[in-house]
Amino acid sequence: MSDTVRVRIAPSPTGDPHVGTAYIGLVNYAYARQNKGQFLLRIEDTDRERSTRASELAIYDALRWVGLEWDEGPDVGGPFGPYRQSERAEIYREHAMVLVRSGAAYPCFCTPEELDKIRLRQRTLKRQTGYDGTCRAIPKDEALARMASGETHVIRLRVPEGRTTILDRLRGPVEIENQQIDDQILLKSDGFPTYHLANVVDDHLMGITDVIRAEEWISSTPKHYMLYKAFGWQEPRFAHMPLLRNKDKSKISKRKNPVSLLYYRQVGVLPETMRNYLALLGHSMKDEREVFELDEFVNEFSFDRISLGGPVFDIEKLLWLNGMRIRALAPDALAARIRDHLYDLPRIAEMVPMAQERMRTLGDFAEVTSFYLVMTPKLQADDLRDACKGRSGKEAATLVAGSIEALDALKAFDKESLEAGLKAYCETAGVPAGDLYSLFRVALTGRKGAPPLMESMVILGRAVTTQRLRAAIEALKVLPEPKKA
RNA sequence: GGCCCUUUAGUCUAUCGGUUAGGACACAAGACUCUCAAUCUUGGGAGACGGGUUCGAUUCCCGUAAGGGCCA
């Protein structure tokens with residue numbers, strides 16, 4: 001292993017770029033810079049169904065926005081590429097074969113039906129479920145021959161007896177019985193690798209010295225140790241950072257929190273606030289300073305100063321910090337930032353079609369479009385009440401909640417998709433579309449009269465739209481019942 | 001269900017065996033102010049529980065509980 005520190009983040013390009021990615025990225029970045037090492041970005045797009053190019057580009061955009069520059073990656077290149085897993089399929093296949101030949105892995109020919117049967121039997125016997133190892137016993141020659149004949153198979157890791165002890169820099173040794181670990185699938189029947197194989201192979205081939213990732217991976221680390229051992233490779237050091245949490249302490253999720261970096265950017269959180277705030281979670285500076293710059297964090301970051309309780313992502317404190325940082329800006333600098341954020345021409349141009357026919361003076365533009373720009377429109381109880389069209393607040397809340405799922409299911413967030421998706425939802429829910437739209441209008445704009453809905457949603461974007469709908473659901477749930485006339 | 005991780009106020013955290021348990025957000029009160037913010041001052045609020053170890057535990061060990069993650 002080389003002396004220079006090499007670390008990486010490896011996000012999957014599915015959905016919006018996530019605050020968790022920025023959080024882990026920040027720590028990796030700080031560690032790399034502090035040690036004069038390299039910070040790499042690898043795109044884990046082996047899930048061909050869900051990975052999109054748009055999402056990959058959004059990751060670049062969002063990570064650069066928070067100020068994390070990488071030394072090697074799909075877009076900037078580097079000596080250890082390609083850095084996109086979908087372009088490395090052959091490498092994984094070859095490595096899987098190495099393990100099959102050495103006996104550390106074996107092909108499994110069991111069909112899904114057979115696996116179901118195994119599971120069912122284990123369940124009725126109240127035994128631990130998992131692969132029973134049927135194909136382990138197939139002699140290597142026979143197995144190789146069947147593979148060569150084109151018989152459908154996956155490749156599984158032959159998990160040895162005994163126990164595995166991993167070393168986590170933050171927790172010390174963690175021990176686990178190998179029995180707990182299933183014979184992992186390394187290569188799927190379509191020839192694509194699973195996370196574990198791809199991850200270990202890439203980390204090794206890319207010279208990664210330190211794996212700093214989220215705690216959710218800690219229980220798969222023993223599998224990774226086994227793989228390193230099977231290949232005869234030195235494993236990197238591991239550090240598992242605490243997981244960011246929702247208010248209810250569950251793993252941070254878009255159902256309960258805005259998690260898209262794009263959301264925070266759009267709403268006007270400064271990038272330096274975002275990285276400063278993330279640096280406050282799970283780590284503290286020596287003098288407990290809370291407002292500081294990236295380079296200070298790079299200097300002071302230490303694994304010794306990490307606390308392991310999963311921190312709740314608190315938007316209140318984020319906004320307080322943002323206010324502090326806004327006030328600390330020189331007026332000229334702030335002016336420029338506001339101009340870039342609010343009055344950049346493409347953005348205005350997007351809103352003009354909504355505003356033009358509603359304007360008598362130029363100044364009216366500010367009024368008409370204010371709800372696009374504000375972080376949270378104020379919701380009047382009366383307006384919500386009216387928008388319920390006779391339903392109770394709770395019923396309306398359920399209706400909106402269902403519509404969010406319909407929106408989530410949309411691949412594209414454009415006018416046509418929105419219209420089709422919402423219409424279909426209303427039909428299955430047995431609700432006139434107009435009723436839902438009234439709720440949407442108030443939820444999204446804080447007004448009863450506003451520019452066209454679908455277009456407005458497109459301008460607001462997916463993250464802001466869903467966040468506002470969720471806020472409206474909360475308001476609807478506690479909506480006082482109307483006084484009986 | 002099995003395994004693993006975690007545990008200081010509503011939230012983020014300091015403390016690396018001896019402190020009146022410190023700071024920050026939020027909250028409350030007051031000051032300033034045409035108002036609202038901002039700012040300043042003040043206030044309430046914490047070591048999950050039970051055992052050990054020790055002269056002494058928030059701190060070390062064990063158990064329980066709770067929360068979380070992963071696997072199924």
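First the proteins, then the strands, lettered A, B, ... as listed; each starts at 1.
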Applying the 3.5 Å cut-off to both distances, the Watson-Crick or G-U partner of B:C25 turns out to be B:G10

Given the P atoms of B:G43 and B:G22, what is the spacing between them in whole Å?
-> 12 Å

From the candidates B:U15, B:U39, B:U13, the one with an atom nearest any side-chain atom of A:Arg305 is B:U15

Identify whether any heavy atom of A:Arg289 sits under 4.0 Å from a base atom; if not, whether one sits that close to sugar-phosphate; answer base, sugar-phosphate or nothing.
nothing

A:Leu278 atom CG is separated from B:C12 atom P, nearest whole Å, by 14 Å

May I ask you to verify whether the side chain of A:Lys317 and the base of B:A26 hold a donor-acceptor pair under 3.5 Å? no

Quick note, A:Glu290 side chain, CB onward, closest among B:C12, B:G68, B:C5 is B:C12

When rounded to whole Å, the CZ to P distance for the pair A:Arg213 and B:C70 reads 13 Å

Distance, C1' atom - from B:A24 to B:A31, rounded to whole angstrom
22 Å

Requested in this report: Take atom C1' in B:A38 and the same atom in B:G45, then report the distance between them in whole Å.
Outcome: 26 Å

Atom P, compared across B:U42 and B:A57: separation rounded to whole Å | 33 Å

Checklist entry - Can you check whether A:Arg245 has a side-chain N or O nearer than 4.0 Å to OP1 or OP2 of B:G10? => result no

Would you call A:Arg84 and A:Glu44 a salt bridge, using N to O less than 4.0 angstrom? no

Ranking B:A38, B:U11, B:G69 by distance to the side chain of A:Val312, first place goes to B:U11

Taking a pair to mean Watson-Crick or G-U wobble geometry with both distances below 3.5 Å, B:U54 pairs with none

note: A:Leu308, atom CG; B:U59, atom C1'; distance rounded to Å ~ 15 Å

Fill in: Cationic N near anionic O, under 4.0 Å, A:Arg289 to A:Glu296
yes

(request) For B:A29 and B:A65, measure between their P atoms and round to the nearest Å. (result) 42 Å

With a 4.0 Å cut-off, would you call A:Arg171 and A:Asp168 a salt bridge?
yes

Q.
Does the structure place the NZ or CZ of A:Arg33 under 6.0 Å from the centre of the six-membered ring of A:Phe39, at an angle of no more than 45° from the ring's axis?
A. no

From CD of A:Glu215 across to C1' of B:G67 the rounded distance in Å is 11 Å

message: Heavy atoms only, 4.0 Å cut-off, all strands: where does A:Gly323 land among base, sugar-phosphate and nothing?
response: nothing

note: A:Arg171, atom CZ; B:C5, atom P; distance rounded to Å ~ 9 Å

Whole-Å distance, A:Asp248 CG to B:G69 P, equals 9 Å

**Asked** What is the nucleic acid contact for A:Met324, judged by heavy atoms within less than 4.0 Å: base, sugar-phosphate only, or nothing?
**Response** sugar-phosphate

Exercise for review: Would you indicate what A:Ser220 reaches in the nucleic acid, counting non-hydrogen atoms under 4.0 angstrom: base, sugar-phosphate, or nothing?
Suggested key: nothing

In Watson-Crick or G-U wobble terms, with both distances under 3.5 Å, the base opposite B:C3 is B:G69

P atom, B:G44 versus B:G23: distance in rounded Å?
12 Å

Checklist line | Nearest-Å distance once atom P is located in both B:C4 and B:U59 | finding: 23 Å

Separation of B:C12 atom C1' from A:Tyr23 atom OH, nearest Å, is 11 Å

Judged by nearest nucleotide, the residue sitting upstream toward the 5' end of RNA chain B, A:His196 or A:Pro311, is A:Pro311

**Request:** Scan A:Glu216 against the nucleic acid and name what it touches under 4.0 Å (heavy atoms): base, sugar-phosphate only, or nothing.
**Result:** sugar-phosphate

Using the C1' atom in both, what is the distance from B:A46 to B:U7, to the nearest Å?
12 Å

pair_partner(B:U64), Watson-Crick or wobble, both distances < 3.5 Å, evaluates to B:A48

Tell me what A:Glu177 touches on the nucleic acid: a base, only sugar-phosphate, or nothing, going by heavy atoms under 4.0 Å. nothing

The residue, A:Trp320 or A:Ser307, whose nearest nucleotide of RNA chain B is more 5′ is A:Ser307

Out of B:C12, B:A38, B:C25, minimum distance to the side chain of A:Glu316 belongs to B:C25

query = Is A:Asp203 paired with A:Arg8 through a side-chain N to carboxylate O contact shorter than 4.0 Å?
reply = yes

Does A:Arg275 count as lying over the ring of A:Phe297, i.e. NZ or CZ under 6.0 Å from the six-ring centre, within 45 degrees of the axis? no

A:Ser284 side chain N/O closer than 4.0 Å to the phosphate oxygens (OP1, OP2) of B:A14? yes

Q.
Strictly below 4.0 Å: does A:Lys249 bring a side-chain N or O up to OP1 or OP2 of B:U11?
A. yes

Regarding the side chain of A:Gln180, the nearest nucleotide among B:U13, B:G2, B:C70 is B:G2

Discussion item. Tell me whether A:Asp16 is salt-bridged to A:Arg462, with the criterion being a basic N under 4.0 Å from an acidic carboxylate O.
Written reply: no

Atom NE2 of A:His224 and atom C1' of B:C70 are separated, to the nearest Å, by 11 Å

Are any non-hydrogen side-chain atoms of A:Arg146 and A:Ile138 less than 4.5 angstrom apart? yes

Paired to B:G30 by Watson-Crick or G-U wobble criteria (both distances under 3.5 Å) is B:C40

